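This report concerns only the one structure given below.
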Amino acid sequence: LERCGLLQYDQQTNRYDLHPVVRGYASGCLQAKDRDRFGQRVVDHFSQQAQNPYKSAETIDDVRNGLEVARTLLQMGRMSSVVEAFRFGLTEALLFNLEAYAEVLATLRPFFAPGWTTPSAAIGGTDFAYVANDVAFAFKHLGQLDNALAIQEASTRAFLKKRHWANVWVGLQRTAVIFAEQNHLARSERFV
């Protein structure tokens with residue numbers, strides 16, 4: 001298995017791990033009750049690991065346990081728990097400390113229908129607005145300004161529906177910044 005690349009050994013951590021495709025296939029073959037039971041064991045294991053506070057994260061390894069918990073919760077269909085994990089520290093570590101924008105997009109992709117601006121059936125309302133805000137920020141910093149703008153608008157609309165005025169204000173400010181970076185200065189001025 002190791003020679004075929006299906007089982008990988010990490011010398012730094014002195015541990016074996018399955019190739020992500022093999023791991024995904026194996027978890028996909030589980031029945032729902034087994035997936036939830038084993039998933040909860042994974043969540044419990046990684047939640048009990050000693051962690052540096054997210055605000056002091058300097059490498060992706062500093063947030064690895066949190067990412068494993070988030071991915072496992074996604075596979076279990078517990079979307080609100082993933083949003084909660086992101087809202088309480090994981091987002092700041094990934095976006096600001098580590099600038100791991102691609103990691104944010106990869107982890108949060110299941111929250112969106114194709115096209116990135118519509119929530120998947122598993123999420124809605126305020127949870128979608130928070131996730132979309134993070135995704136828009138990641139796209140902006142990856143230089144994909146059209147995607148960032150469309151997603152930021154979707155996030156701001158969702159916050160507006162819920163009357164979360166502080167978040168609406170943040171969304172308008174971020175929209176202005178995106179317009180400025182696109183060199184649409186007149187549009188940017190309307191949002192400031």
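Being a predicted model, the structure only gives us computed values, none of them experimental.
Here CD of E153 is found 5.5 Å from CZ of R157. Values are rounded to the nearest 0.5 Å. With rounding to the nearest 0.5 Å, the separation of CG in D62 from CG in L98 is 7.0 Å. Here the straight-line distance linking atom CG of L94 with atom CD of E99 works out to 11.5 Å at 0.5 Å rounding. Atom CG of L149 sits about 12.0 Å away from atom NZ of K140, to the nearest 0.5 Å. Taking CZ from R109 and CG from L74, the interatomic distance works out to 12.5 Å, rounded to the nearest 0.5 Å. Rounding to the nearest 0.5 Å gives a distance of 10.5 Å between CD1 of I151 and CG of N133.
In terms of heavy atoms, W116 sits closest to F112 at O-CD2, 2.8 Å. When all heavy atoms of A158 and G125 are compared, the closest pair comes out as CB-O, 4.1 Å. L95 and A138 get closest at one heavy-atom pair: CD2-CB, 4.2 Å. Of all heavy-atom pairs spanning E92 and F86, the tightest one is OE1-O, 4.3 Å. Residues T117 and A150 come closest through the heavy atom pair CG2-CB, 3.5 Å. The nearest pair of heavy atoms linking L142 to A102 is CD1-N, 4.3 Å.
Between the side chain of S188 and the backbone N or O of F179 there is no donor-acceptor pair closer than 3.5 Å. Proximity of a side-chain donor or acceptor of S120 to a complementary backbone N or O of P110 within less than 3.5 Å is detected. Checking side-chain atoms of T156 against main-chain N and O of Q152 turns up a donor-acceptor pair under 3.5 Å. In this structure, the side chain of D134 does not engage the main chain of V131 through any donor-acceptor pair within 3.5 Å.
Linking Ile, Leu, Val, Met, Phe, Trp and Tyr residues whenever their side-chain heavy atoms come within less than 4.5 Å places F96 and L90 in a single cluster. Residues V104 and V177 fall into different hydrophobic clusters, defined by Ile, Leu, Val, Met, Phe, Trp and Tyr side chains chained together at heavy-atom separations under 4.5 Å. Note on L105: it clusters hydrophobically with V63, by side-chain heavy-atom contacts below 4.5 Å among ILVMFWY residues.
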Take R71 and E68 through the salt bridge (charged side-chain N to carboxylate O under 4.0 Å, His left out) test and state the conclusion after the steps. CA-CA 5 Å; R71 288 183 191 120; E68 281 300 326; 3.6 Å; yes
Going through the distances and angles, do Q182 and D146 end up as a side-chain contact (heavy atoms from CB on, under 4.5 Å)? CA-CA 9 Å; Q182 289 179 322; D146 291 337; 2.9 Å; yes
What's the verdict on side-chain contact (heavy atoms from CB on, under 4.5 Å) for V135 and F111, showing C-alpha distance, side-chain angles and the deciding distance? CA-CA 10 Å; V135 167; F111 288 96; over 6 Å; no
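For the ring-ring contact (aromatic ring centres under 6.0 Å, His included) with F159, the lone residue among W169, Y130, W165 that qualifies is Y130.
The closest side-chain heavy-atom distance from I60 to L67 is below 4.5 Å. Counting heavy atoms from C-beta on, the side chains of R190 and R187 come closer than 4.5 Å.
The distance between the ring centers of F139 and Y101 does not fall below 6.0 angstrom.
For CD of Q8, the number of neighbouring non-hydrogen atoms (other residues, nucleotides, ligands) closer than 6.0 Å is greater than 12.
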